[in-house]
K.L.:
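Input: one structure, supplied below.
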Amino acid sequence: MEKSDLNLLIGGEAGQGLLTIGDLLTKCLVRAGYSVVVTQSYHSRIRGGHNTFALRVSSKQVVAPRESVDLLIALNEETVNLHRTEVVEGGLILADEAYGIGSGGCLQVPYQELSEERFANIVAFGVVSHLLGLDQKLVAKTVEDAFGKKDSQLVEKNRLALNDAFNWSGQQAVDFPKLPRVADSGQRLVMNGNEAIAMGALSAGVKFCAFYPMTPATSIALNLAAQASRMGLVVEQAEDEIAAINMAIGASFAGAPSIVPTSGGGFALMTEGVSLAGMTETPVVIVVAQRPGPATGLPTRTEQADLEFVLHAGHGEFPRAIFSPGTVEECFWLTRKAFEVALKTQSPVFILTDQFLADSSRAVIPFDLKNLKPIDSGIETDPSNLPYRRYAITESGISPRLVPGMTEHLVVAGSDEHPVDGHLTEDLNIRKQMVEKRLRKEQGIIREAISPVYSGDDRPDILMITWGSSVGAVLEAAAQLRNQSRSVGTLHFPQVWPLVPDQFMAYFQNSGEVVCIEGNAFGQLARLIRRETGFAVHRNVLRYDGLPITPEYIIRELGN
Amino acid sequence: MEKSDLNLLIGGEAGQGLLTIGDLLTKCLVRAGYSVVVTQSYHSRIRGGHNTFALRVSSKQVVAPRESVDLLIALNEETVNLHRTEVVEGGLILADEAYGIGSGGCLQVPYQELSEERFANIVAFGVVSHLLGLDQKLVAKTVEDAFGKKDSQLVEKNRLALNDAFNWSGQQAVDFPKLPRVADSGQRLVMNGNEAIAMGALSAGVKFCAFYPMTPATSIALNLAAQASRMGLVVEQAEDEIAAINMAIGASFAGAPSIVPTSGGGFALMTEGVSLAGMTETPVVIVVAQRPGPATGLPTRTEQADLEFVLHAGHGEFPRAIFSPGTVEECFWLTRKAFEVALKTQSPVFILTDQFLADSSRAVIPFDLKNLKPIDSGIETDPSNLPYRRYAITESGISPRLVPGMTEHLVVAGSDEHPVDGHLTEDLNIRKQMVEKRLRKEQGIIREAISPVYSGDDRPDILMITWGSSVGAVLEAAAQLRNQSRSVGTLHFPQVWPLVPDQFMAYFQNSGEVVCIEGNAFGQLARLIRRETGFAVHRNVLRYDGLPITPEYIIRELGN
Amino acid sequence: MVSIEEYGQFETAWCPGCGNFSILESVKRGLVASRLEPHQLLFVSGIGQAAKTPHYLNANVFNGLHGRALPVATGAKLANPNLKVIVESGDGCNYGEGGNHFLAAIRRNIDLTMIVHDNQVYGLTKGQASPTTQEGFVTKAQPEGVASTPFNPIAVAVAMQASFVARGFSGMGDHLTTLIEKAIAHEGFALIDVLQPCVSFNKVNTFAWYKKRCYTLSEEYDPTDWQAAMAKATEWGDSIPLGILYRQQRPTFEARLAVLQQGGLVDRETDLRELEKIMDKFS
Amino acid sequence: MVSIEEYGQFETAWCPGCGNFSILESVKRGLVASRLEPHQLLFVSGIGQAAKTPHYLNANVFNGLHGRALPVATGAKLANPNLKVIVESGDGCNYGEGGNHFLAAIRRNIDLTMIVHDNQVYGLTKGQASPTTQEGFVTKAQPEGVASTPFNPIAVAVAMQASFVARGFSGMGDHLTTLIEKAIAHEGFALIDVLQPCVSFNKVNTFAWYKKRCYTLSEEYDPTDWQAAMAKATEWGDSIPLGILYRQQRPTFEARLAVLQQGGLVDRETDLRELEKIMDKFS
Ligand SMILES: Cc1ncc(C[n+]2csc(CCOP(=O)(O)OP(=O)(O)O)c2C)c(N)n1
Ligand SMILES: Cc1ncc(C[n+]2csc(CCOP(=O)(O)OP(=O)(O)O)c2C)c(N)n1
Ligand code: SF4
Ligand code: SF4
Ligand SMILES: [Mg+2]
Ligand SMILES: [Mg+2]
């Protein structure tokens, strides 16, 4: 029996190695040519708690998590108790025979017999791989790549454990669907959202990153730190988030394209700095990896509730752009784009992601780095008008940018209102001109704005709009509804600010019911669309329990 | 000749005593029964610069500043040069004869002859008082009250200087309109916006204020500090704004109604704390006294550009209320109201004021303190359900509030998502319930919401809407337009969040052109109204040069 | 008399073997020795593994933001000086994000006990350097090793003449209990920096590492001698002194505020007659 | 050679008689003595009266937020270590709002010169207490007098073994000029706390008050002796020592970052081939 779309759920305590099994399986499945969507759900603790690693795998392209479970890999009994009901008819539970759950719908693994305790994860991985019909060589290679080849004893033990797992599995009479073979689709990468943001930033020429650790943003900085010496950048853990953003502004002022990854609470501390970037016209890219608030909230879960906060963060008025990647690929490309817009318009630019996307590994076709155009830093070395004036009034609002110390010209940037030379002013006519100059830059940002992505029928009965990481669930829900012969369109906003009504109003007008789907309680994108266009969406599908939106969730909610 | 409405402008350097003259005149005129509107414009420095103190005075009720000047009191030559053109036909310049401006339209005062240098301010005050037709006894009494009676030598010298000023003025043949006498209108106070906020807070039972100095908010704290020992509160200058809001939350948690005054940049640092107040459901009143941004901007000028920032400040989602007083009286009453709503709904509540209103003295009928109902702290001492649960789920969303140490029951507040007992949870069903519980409190806030204030014709051709300190200018502009036989309505929002469409949509529907008038560049209230109602105002009148909106400004802009 | 049972037993979210367990135990014992009932106490913490501690005993609790325990505690203490307020949080929370409040609290000498779980690492966020992490320590965030000199909280506190400065070690429970008892009894700001092994992320400063180096100050040591204290404060490495390193009597912040001499703010009525007189000044 | 004229003459927004004028003069002279051209310099300041200083000379300037000069300076220095970066701001800015960055900058030992105009008051916001205001000082914000112990920046810096810790006085211009020159020459973080009379708001610590108390450290004083420095650091009141109180050579932060050994970040090309290899690891 074959099944093209399987959902695996690994459950256990933190520290039990479910990440190891999950990562190995993911890598192996991607190498075998499958499409994957990983959803990680964990507690805010280091050991213990109940964590899950969901791995949806398919021979076709999949882009969203799924709720029902085909294979439950239980690393403890609690997992069986908590998730048993999610397992579908014909699904399977993989558990230590020691739990004594019986063999109905369960493959009981004699871990103790099969291996030393420390190789139990490898055994589990082996058993699952065999169940899924993966090639043992590929499986062995994946383990080798993960653990390195230096320790030959370890390599050998891993190989043996895997062997035992495959042999044992081969002897079991289990009725579990195999994945259909897929054609070789060429090299693909396994990458999660945060990794893609880090890689996107590196490709854009990031030279400075300051951060204060905060889940789920930290791994962006860690990924950059790992490459700092190779790629020639400085990654500095600041004393607090206020320092982080101010350091990034200082570095950027001095010529280093800068990024600041954080999450809601840390970002809150940066809002004064955001305003400073706006006033001094210093480019800076800020990643806000969302998690459920208010305050500390649920630090390891997901939510999309900081759109309005980020859009209005910082006192006073100045332009900005906010990107909202929905896929790992978009994390990469929109991070590049964020640097481009920040540098071109000398403004703070934001990337809104969230815990789900941050931790969600996917198969990605390698980015074509060879054909990338380098991003223009916007820094001049030879100003056309002298004396050099950092804030010269221009039609575009963009003033010539020099960096200090690189020429004989002096660069003066001021957080107070300033005349063209950057010094202090109390002249209220200048004030007015400067406000207008700064706000004119929004036109440039609008010109760069990425269109919402539409897919579906020309005049659908129902249009589902969404932003950020919920897009996968929306696309799949749409596909399912179409299977039920419903006429559905989807509109994804990879950029939520500025909104350019011309890019999307026609879709609203040509659709029946317009439903906005987002991971918050206020319906923030919907409110924003109404503010900008007057259009009130007909319905909201919202989620704010800390879990990502799934296709099933959308269909359930729409059913109401 | 009499003129019922005069605009006086005192100009000079910081430190030259224009505040002394201005304050004395204001007090004296109010005691004499006139209506006043003070507009202070100063530089961000301690000595020098060019500062002005505009004092509009009238025998009728006035509520806005005026642009053209009847009497220019120049404390230096620069003032003459800068403001001469603003003086109306028949107006007068009062200047030291030493400047040698000539006597055309100018009363040249021989300050050196008339007094020692340190009494020049008293002389100027005396001359102006005489010009305006003020009673010399009243004038003398005002000086005495201001400088105290302890130093009898000083009292005598002041008296003499005044005498000389009156005598000298009496001998001048000046053709300056006197103010018509007004009937005794009983005791009135001279109070500016910040003083009224402080008094409102005291009347509401504020017990704790933490702040970090920031113009134009500081004087709220200073006014509270001056009364701290008499009124039994603690006013603490914190090490930074983050500490300020967290201290206030701590004090409020322990039972002391708390206030935090700040301005945009300081508020930016508090946004994480705002979110904490939202999550822990701790009442706190935050005053944001606006000034032009971004960043340090124009620290001593005015603007209304932080509405959207304050509305969305803090990560995650939780209810709040934002009051936007437009008059000194509203500063008092809405501060009381802010405490009431904060304590009743256990939420952060905001007061948005600005530099103009903060520093704008007005004549105010004494608040009737005797008939004030004390504000309910919302603190229980005897919980009806045991065991006591700080976050018990209720229909209103409001849970029973106890304070620690006052009973044997333990009070546990958490910034992480929590079950009813306040401890930690990772249960996502509880999460959902808690989000909904917190958001239900918005209904209570809506029930308390103050209606926008309408005045004017039933179906006006033009409806001017506004919020905060711009209301005076809007009212007077409307009056002027009506004098030109135009049909005008005005709608002032003393509360900008939550907006309750039922309270105001009818006005929009019954009006011709709807114009939104506010002191920012984005048209923030207009955008918010559109977001909440879909209604797009037809026109914006915006100002963002650091000066308050005036009736003339509105009429000029409408003319376009 | 209060018994340790009244402080309860709770399930924790800590790793088995973590030093936090013994600190929690010492805290409870210190409270019992101080004869304090749960409702007389207010624990204030920030965010981190250590900051979870107050959830694991019976008391009033305000578990606030990362780094902001001290200002919350300060506000609460001023509102109600009758509360025994104890701040308990990690090294990252108190010396990193909260560094500025640490300086201010010492300056105020407000009557608080501050217990810092110093595991020289950010535990909850998975092992980045904290301000007290030693130079060269390699983490995923500091792949080349920490380049900054570690923050020495004891030296800074003594330099600022904090009124009670102590160091404990989670592995010496009785000693720590006594320190906690004394810190609570001390009138003024009392700091206890508690060395705490983090079995998950700090493989350098382990239980054995501390055990080998820690010694308690001798009876002869005079904690009121500032110069001696300053010298002791910088002793670190091969030997690490435990105990009260510095102590001084000076007035608390609360004692200097006239308004608090009549009791806490919580009980204060609002006197509108007085306010009327104040308002009169505006006329 | 650079002349003082190249640094220009500007109108200021300061009160006549303010100590800031002489500090500005000393700064300029210190720069000339250091043979630095305006474009080689980056001044970073916060907000306050002192923080306006960089606007009154020719140099590259970043005038940032209140309290946040140090992180901006740190970022700029890391981006371009060739810049001579000087932080100049007030006591409130650097020790109040910016206290946490002060601690971190000392720990990093990044090569910056930090000149603090210490007038023991918040000037620009009209006279509230600053962290260095003495106890009992009465202001409108502290009508009962300041209740906190003043912050002693020198003691904290020495306790943390900052690599260059000095005190100057605006009224002793030549001495201050030399300190500035030495601080600029010092490799690592150099603090100069400069006593500065504020004629408008500090009527206690006046020019005469300082003049009477300030003395320069003798030639014999050994600034590398930490214990002696610690003792000197707390000398305040009747006599106030000026000069370099403590000095130490230790590696700068920049020197410890491998990536900066090949020059600043500004000049670095983005190597997409290298990135391709990095990306391969994800396959
Ligand atoms: C403003 C903010 N920044 C960052 C975080 C993320 N964060 C949570 S705990 C922690 C570090 C905790 O370290 P420490 O205080 O030493 O406690 P430990 O876990 O080691 O006991 C950080 C950075 C946060 N919650 N809030
Ligand atoms: C975040 C923030 N808080 C408060 C202020 C207001 N503010 C401006 S200057 C200043 C104090 C300045 O004191 P100090 O640094 O000692 O400088 P001085 O004016 O005394 O030279 C304050 C509190 C601000 N600009 N930003
Ligand atoms: S991570 Fe470290 S500090 Fe946290 S519980 Fe585990 S061992 Fe303790
Ligand atoms: S207020 Fe004080 S510090 Fe500021 S310029 Fe005037 S004298 Fe100098
Ligand atoms: Mg720690
Ligand atoms: Mg100062």
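Just so it is clear: chains get the letters A, B, ... in the order the sequence lines come, proteins before strands, and each one is counted from 1.
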K.L.:
Which answer fits B:Ile375, side chain, backbone, both or neither, if we ask what part of it has an atom under 4.5 Å from a heavy atom of chain C?
P.N.:
neither
K.L.:
Side chain to side chain contact (heavy atoms under 4.5 Å, CB included) with B:Leu410: which of C:Leu42, C:Val61, C:Leu41, C:Asn58?
P.N.:
C:Asn58
K.L.:
Could you go through C:Asn80 and B:Met406, starting from their C-alpha distance and side-chain angles, then the distance that decides it, and tell me whether this counts as side-chain contact (heavy atoms from CB on, under 4.5 Å)?
P.N.:
CA-CA 9 Å; C:Asn80 184 359; B:Met406 302 303 282; 3.7 Å; yes
K.L.:
What's the separation between atom CE in B:Met231 and atom CD in C:Glu269, rounded to the nearest 0.5 Å?
P.N.:
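Reported to 0.5 Å precision, the distance equals 11.0 Å.
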K.L.:
Please classify the contact of B:Ser203 with chain C as side chain, backbone, both or neither, using a heavy-atom distance under 4.5 Å.
P.N.:
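B:Ser203 touches chain C through backbone and side-chain heavy atoms alike.
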K.L.:
Which bit of B:Ser377 is near chain C, if near means a heavy-atom gap under 4.5 Å: side chain, backbone, both or neither?
P.N.:
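Contact with chain C is absent: no heavy atom of B:Ser377 under 4.5 Å.
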K.L.:
Compare all side-chain heavy atoms of C:His39 with those of B:Thr407 and state whether any distance is below 4.5 angstrom.
P.N.:
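The answer is no; the side chains never approach within 4.5 Å.
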K.L.:
State whether the side chain of B:Asn246 and the backbone N or O of C:Val72 hold a donor-acceptor pair below 3.5 Å, judged by distance alone.
P.N.:
no
K.L.:
Can you tell me which portion of B:Val403 sits under 4.5 Å from chain C's heavy atoms? Options are side chain, backbone, both or neither.
P.N.:
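For B:Val403, side-chain heavy atoms alone lie under 4.5 Å from chain C.
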K.L.:
Once rounded to the nearest 0.5 Å, what's the spacing between atom CE of C:Met279 and atom CD of B:Gln187?
P.N.:
10.5 Å
K.L.:
About how many Å separate CZ of C:Arg68 and CD of B:Glu272, when rounded to the nearest 0.5 Å?
P.N.:
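B:Glu272 CD to C:Arg68 CZ: 6.0 Å, rounded to 0.5 Å.
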K.L.:
Is any side-chain heavy atom of B:Val234 less than 4.5 Å from a side-chain heavy atom of C:Leu257?
P.N.:
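They are in side-chain contact.
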K.L.:
Tell me which of these, B:Gln227, B:Arg188, B:Arg31, has more heavy-atom pairs under 4.5 Å with chain C than the rest.
P.N.:
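Of the candidates given, the most pairs with chain C belong to B:Gln227.
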K.L.:
Between C:Phe62 and B:Val411, is any pair of side-chain heavy atoms under 4.5 Å apart?
P.N.:
no
K.L.:
Within the 4.5 Å heavy-atom criterion, are B:Phe367 and C:Leu275 side-chain neighbours or not?
P.N.:
no
K.L.:
In terms of heavy-atom pairs under 4.5 Å, which option from C:Phe253, C:Phe43, C:Phe282, C:Phe10 contacts chain B the most?
P.N.:
C:Phe282
K.L.:
Relative to chain C, which of B:Met279, B:His423, B:His418 shows the most heavy atom pairs under 4.5 Å?
P.N.:
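Most heavy-atom pairs within the cutoff with chain C belong to B:His423.
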K.L.:
With rounding to the nearest 0.5 Å, note down the distance linking CZ in C:Arg268 to CZ in B:Phe208.
P.N.:
13.5 Å
K.L.:
Do B:Asp240 and C:His101 make a side-chain contact, defined as non-hydrogen atoms from C-beta onward lying under 4.5 Å apart?
P.N.:
yes
K.L.:
Please walk me through it: do C:Arg108 and B:Glu239 pass salt bridge (Lys or Arg N to Asp or Glu O under 4.0 Å)?
P.N.:
CA-CA 10 Å; C:Arg108 284 196 187 92; B:Glu239 54 273 26; 2.8 Å; yes
K.L.:
Measure distances from C:Lys277 to the heavy atoms of chain B and classify the residue's part below 4.5 Å as side chain, backbone, both or neither.
P.N.:
both
K.L.:
Using a 4.5 angstrom heavy-atom cutoff, name the option from C:Asp267, C:Ile47, C:Leu272 with the most pairs to chain B.
P.N.:
C:Leu272
K.L.:
Heavy-atom cut-off 4.5 Å, strictly under: side chain, backbone, both or neither for B:Tyr388 against chain C?
P.N.:
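Nothing of B:Tyr388, per the 4.5 Å heavy-atom cut-off to chain C.
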K.L.:
Are the side chains of C:Val259 and B:Leu233 in touch, meaning some heavy atoms are under 4.5 Å apart?
P.N.:
no
K.L.:
Measuring from C:Asn63:CG to B:Leu424:CG, what's the distance to the nearest 0.5 Å?
P.N.:
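Nearest 0.5 Å value for the CG-CG distance: 6.0 Å.
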K.L.:
Look at C:Val85, C:Asn60, C:Asp271, C:Leu83 and state which one has the largest set of heavy-atom pairs under 4.5 Å with chain B.
P.N.:
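The candidate making the most pairs under 4.5 Å is C:Asn60.
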K.L.:
Given the options B:Leu369, B:Leu402, B:Asp416, which has more heavy-atom pairs under 4.5 Å with chain C than any of the others?
P.N.:
B:Leu369
K.L.:
So which of C:Pro71, C:Ala59, C:Ala69 has the biggest tally of heavy-atom pairs under 4.5 Å with chain B?
P.N.:
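Max contact count across the listed options: C:Pro71.
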K.L.:
Report which part of C:Arg107 has an atom under 4.5 Å of a heavy atom belonging to chain B: side chain, backbone, both, or neither.
P.N.:
neither
K.L.:
Using non-hydrogen atoms and a 4.5 Å limit, figure out which bit of C:Asn100 sits close to chain B: side chain, backbone, both or neither.
P.N.:
both
K.L.:
Counting heavy-atom pairs under 4.5 Å to chain C, which of B:Ala248, B:Gly232, B:Gly255, B:Ser229 comes out on top?
P.N.:
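Among B:Ala248, B:Gly232, B:Gly255, B:Ser229, the one with the most close pairs to chain C is B:Gly232.
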K.L.:
So with a 6.0 Å cut-off around CZ of C:Arg35, is the heavy-atom count from everything else above 12?
P.N.:
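No, CZ of C:Arg35 has 12 or fewer neighbouring heavy atoms, counting only those of other groups under 6.0 Å.
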K.L.:
Give a yes or no on this: more than 12 heavy atoms of other residues, nucleotides or ligands lie within 6.0 Å of atom CD1 of B:Ile365.
P.N.:
no
K.L.:
Which answer fits C:Lys84, side chain, backbone, both or neither, if we ask what part of it has an atom under 4.5 Å from a heavy atom of chain B?
P.N.:
neither
K.L.:
What part of C:Glu37 gets closer than 4.5 Å to chain B, counting heavy atoms only: side chain, backbone, both or neither?
P.N.:
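For C:Glu37, neither part sits under 4.5 Å from chain B.
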K.L.:
Heavy-atom cut-off 4.5 Å, strictly under: side chain, backbone, both or neither for C:Leu70 against chain B?
P.N.:
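Neither the backbone nor the side chain of C:Leu70 comes within 4.5 Å of chain B.
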K.L.:
Could you check if a side-chain atom of C:Glu276 sits within less than 4.5 angstrom of a side-chain atom of B:Lys370, using non-hydrogen atoms only?
P.N.:
yes
K.L.:
Can you measure from CG (C:Leu265) to OG (B:Ser258) and round to the nearest 0.5 angstrom?
P.N.:
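Output value for this atom pair is 8.5 Å.
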K.L.:
Let's go through B:Lys27 and C:Ser283 carefully: what are the C-alpha distance in whole Å and the side-chain angles of both, what is the deciding distance for side chain to side chain donor-acceptor pair (under 3.5 Å) to 0.1 Å, and is it a yes or a no?
P.N.:
CA-CA 8 Å; B:Lys27 185 136 276 182; C:Ser283 75; over 6 Å; no
K.L.:
Would you name the heavy atoms of C:Ala79 and B:Ala251 that are closest together and state the gap between them?
P.N.:
CB-O, 3.5 Å
